[in-house]
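Every value quoted in this text rests on a predicted model; they were computed, and no experiment measured them. Just so you know, residue 1 is the first one in the sequence shown, and it goes up from there.
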Amino acid sequence: MVKNQLRRFWGCLVTGVMFLLRPFINCRRSNLRSTYGARFLATTEPSEPVARGGVRLESRSSNDLTLDSASIRPVITSSARLQSYSEPRTDVPEPAPGAEAEVDGVLEECSEELLQELRTKQEQLRKQVIFGRDLESTFSTVGGFDISFGEGRNAAAALVVIKYPSNEVCYESVINVTLEMPYVSGFLGFREIPALERLLDEMKKEVQWQPDVIMVDGNGRLHQKQFGLACHAGVVTGIRCFGVAKDLIQFETISRDNIKDELNTLKSSGDWFPLELNGVVLGCAVKTGQNAKNPIYVSEGHGVTLDTARQIVMATAQEFRVPQPTRLADQLSRKKIREDKEKRNGQRNGTPNRDQKRNGTPNNGQQRNGTPNRDQKRNGHQSNGSTSNGGTINGGGKQKGRGRGSHRG
């Protein structure tokens, strides 16, 4: 009984002391929170709170355990990329093989600093472009420039030059290029013009002349900033230039829906209508061939009027939808990409590419100097390039590269 009374006494004593000290304890806890902020709360909170969508959030400071919009900020990694920690992003489409997705080019590979630098350079170049007049009234050669894309950032750039107005091809060249610049909508010139400069430099060294006018597979004045690929090319190279695009670039009031009625008026080869924005003619849609289902979109670049550009297009189209210079440049660059791909695949699996088949060159399954590979030894082939029955293995010829490819008779 005495023990129970002592327990009750000590319990009441402790309760009374805690009641008396409660104001001091609360004051101390408040001071700790205001002094240490998030570092103090880290002992009771997750160190990396995760918001909806998997974006990591970091606490600035807080006086309680509640995180609101005023006390958190997203942590942005380099190149303006939002990094996911809890679940993968599903709103970003996968880029097509061998191509750059626009959302990838802008969000993941192009920082705000780079965008600002591109805007500044583009504005400086835009002040030098010449619209509305021909720098020269005569020309005898017309060049066509186009790029085809391979795997990753590998590409092939082609330049084809024809005599005007005979349309006879007098020069062509194709090179492999690595696109250092990511695709950023509105700044295509910074990505592709270095390849054109290389082609023109090589042409000048080889034949000591350059084309009088260049048409590019893209837009010129028909652009959000009235400074597309053709304008950029003309200002940088100093050669008269204009754009020929297969698809309509859509911005502001220029869209496919808004030109549906005008498209129905294109009945015969040579028919066209202007593309205007706020009363300014930026380009035109032209039906180049009687059998062409869709028009092409022509626009000024630099030092060439729209009327002159349209005249050149009609003279070089030859009833095709795309004019001959850019059409041949497209075919040449695509052929280069295809041959490079076949060559790489042939080196990997021993399959002869198109040129090897045409020249009768053996594949990688046949070793140098007629030395039999594993399959040939298993089938009784001898090391001198002949079979055990006296037959030959494709002449026992030499083959560049080594591989384990099986013999194909």
Side-chain angles (χ1 to χ4, degrees), residues 96-100 141-164 167-179 181 183 188-189 191-200 202-203 210-211 213-220 222-223 228-234 237 239 241-249 283 285-289 291-299 301 304 309-310 312-343 354:
E100 295 270 348
T141 55
V142 178
F145 169 71
D146 196 12
I147 285 185
S148 295
F149 302 96
E151 298 178 357
R153 292 192 176 184
N154 296 323
L159 176 66
V160 175
V161 183
I162 66 171
K163 294 180 180 180
Y164 185 85
N167 290 328
E168 178 186 352
V169 176
C170 57
Y171 179 85
E172 63 179 25
S173 177
V174 61
I175 58 174
N176 289 321
V177 295
T178 301
L179 301 172
M181 172 78 185
Y183 171 73
L188 187 61
R191 179 178 169 91
E192 298 188 1
I193 296 306
L196 175 60
E197 290 183 289
R198 277 186 55 190
L199 286 166
L200 291 173
E202 291 186 4
M203 180 181 181
Q210 292 180 336
V213 183
I214 297 177
M215 65 173 69
V216 302
D217 183 16
N219 295 288
L222 186 60
H223 182 266
L229 178 64
C231 302
H232 196 140
T237 63
I239 300 176
C241 192
F242 64 93
V244 179
K246 295 184 285 290
D247 298 313
L248 177 66
I249 181 174
V286 183
K287 184 178 178 67
T288 50
N291 297 325
K293 295 182 180 180
N294 299 308
I296 61 169
Y297 302 94
V298 183
S299 55
V304 178
R310 192 177 71 252
I312 296 174
V313 166
M314 290 305 304
T316 58
Q318 297 181 321
E319 290 301 316
F320 289 96
R321 180 181 176 229
V322 180
Q324 185 175 359
T326 52
R327 180 167 52 86
L328 295 180
D330 175 67
Q331 294 175 358
L332 187 60
S333 60
R334 287 176 182 271
K335 179 182 177 182
K336 181 65 173 175
I337 291 292
R338 184 172 61 251
E339 290 177 349
D340 290 345
K341 183 177 181 180
E342 291 177 353
K343 189 175 182 179
R354 185 176 301 177

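F145 contributes atom CZ, which lies 11.5 Å from atom OG1 of T326 (distance to the nearest 0.5 angstrom). Here the NZ-CG distance, from K287 to N294, works out to 8.5 Å after rounding to the nearest 0.5 Å. Note: K293 NZ to N291 CG = 10.0 Å, rounded to the nearest 0.5 Å. Taking OG of S173 as the start and CG of L332 as the end, the distance is 8.0 Å to the nearest 0.5 Å. A distance of 11.0 Å separates CZ of R327 from CE of M215, quoted to the nearest 0.5 Å. Distance check: I214 CD1 to F242 CZ gives 10.5 Å after rounding to the nearest 0.5 Å.
The environment of CZ in R310 is crowded: more than 12 heavy-atom neighbours from other residues, nucleotides or ligands sit within 6.0 Å.
At least one side-chain heavy atom of N154 sits under 4.5 Å from a side-chain heavy atom of T178. E192 is not listed as a side-chain neighbour of L196, based on a closest heavy-atom distance of 4.5 Å or more.
Among the candidates V213, V304, L200, the single residue satisfying the side chain to side chain contact (heavy atoms under 4.5 Å, CB included) test with I239 is L200. Under the side chain to side chain contact (heavy atoms under 4.5 Å, CB included) rule, P325 has a single partner from V160, T141, V142, which is V142.
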(Q) Quick one, D340 with N176, criterion side-chain contact (heavy atoms from CB on, under 4.5 Å). Give me CA distance, side-chain angles, the key distance, then yes/no. (A) CA-CA 9 Å; D340 290 345; N176 289 321; 3.0 Å; yes
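Annotation for Y297 and L248: closest pair CE1-N, 3.5 Å, computed over non-hydrogen atoms. G301 approaches C231 most closely through the heavy-atom pair O-SG, 3.3 Å. Considering every non-hydrogen atom in both P211 and M203, the closest pair reads CD-SD, 3.6 Å. The shortest non-hydrogen separation linking S148 to S333 is OG-OG, 2.6 Å. Contact record, L229 with G189: CD1-CA, 3.6 Å, taken as the closest heavy-atom pair. The two residues F149 and R191 come nearest to each other via the heavy atoms CE2-NH2, 3.9 Å.
Partners of T316 according to the side-chain hydrogen bond (donor to acceptor under 3.5 Å, both in side chains) rule, which considers only residues two or more places apart in sequence or in another chain, do not exist here.
The closest donor-acceptor contact from the side chain of T288 to the backbone of F320 lies under 3.5 Å. With hydrogens and angles disregarded, no donor-acceptor distance shorter than 3.5 Å links the side chain of K336 to the backbone of I175. At distances below 3.5 Å, not a single donor-acceptor pair connects side-chain atoms of Q324 with backbone N or O atoms of Q318. With D146 contributing its side chain and Q331 its backbone, the two residues share no donor-acceptor pair below 3.5 Å.
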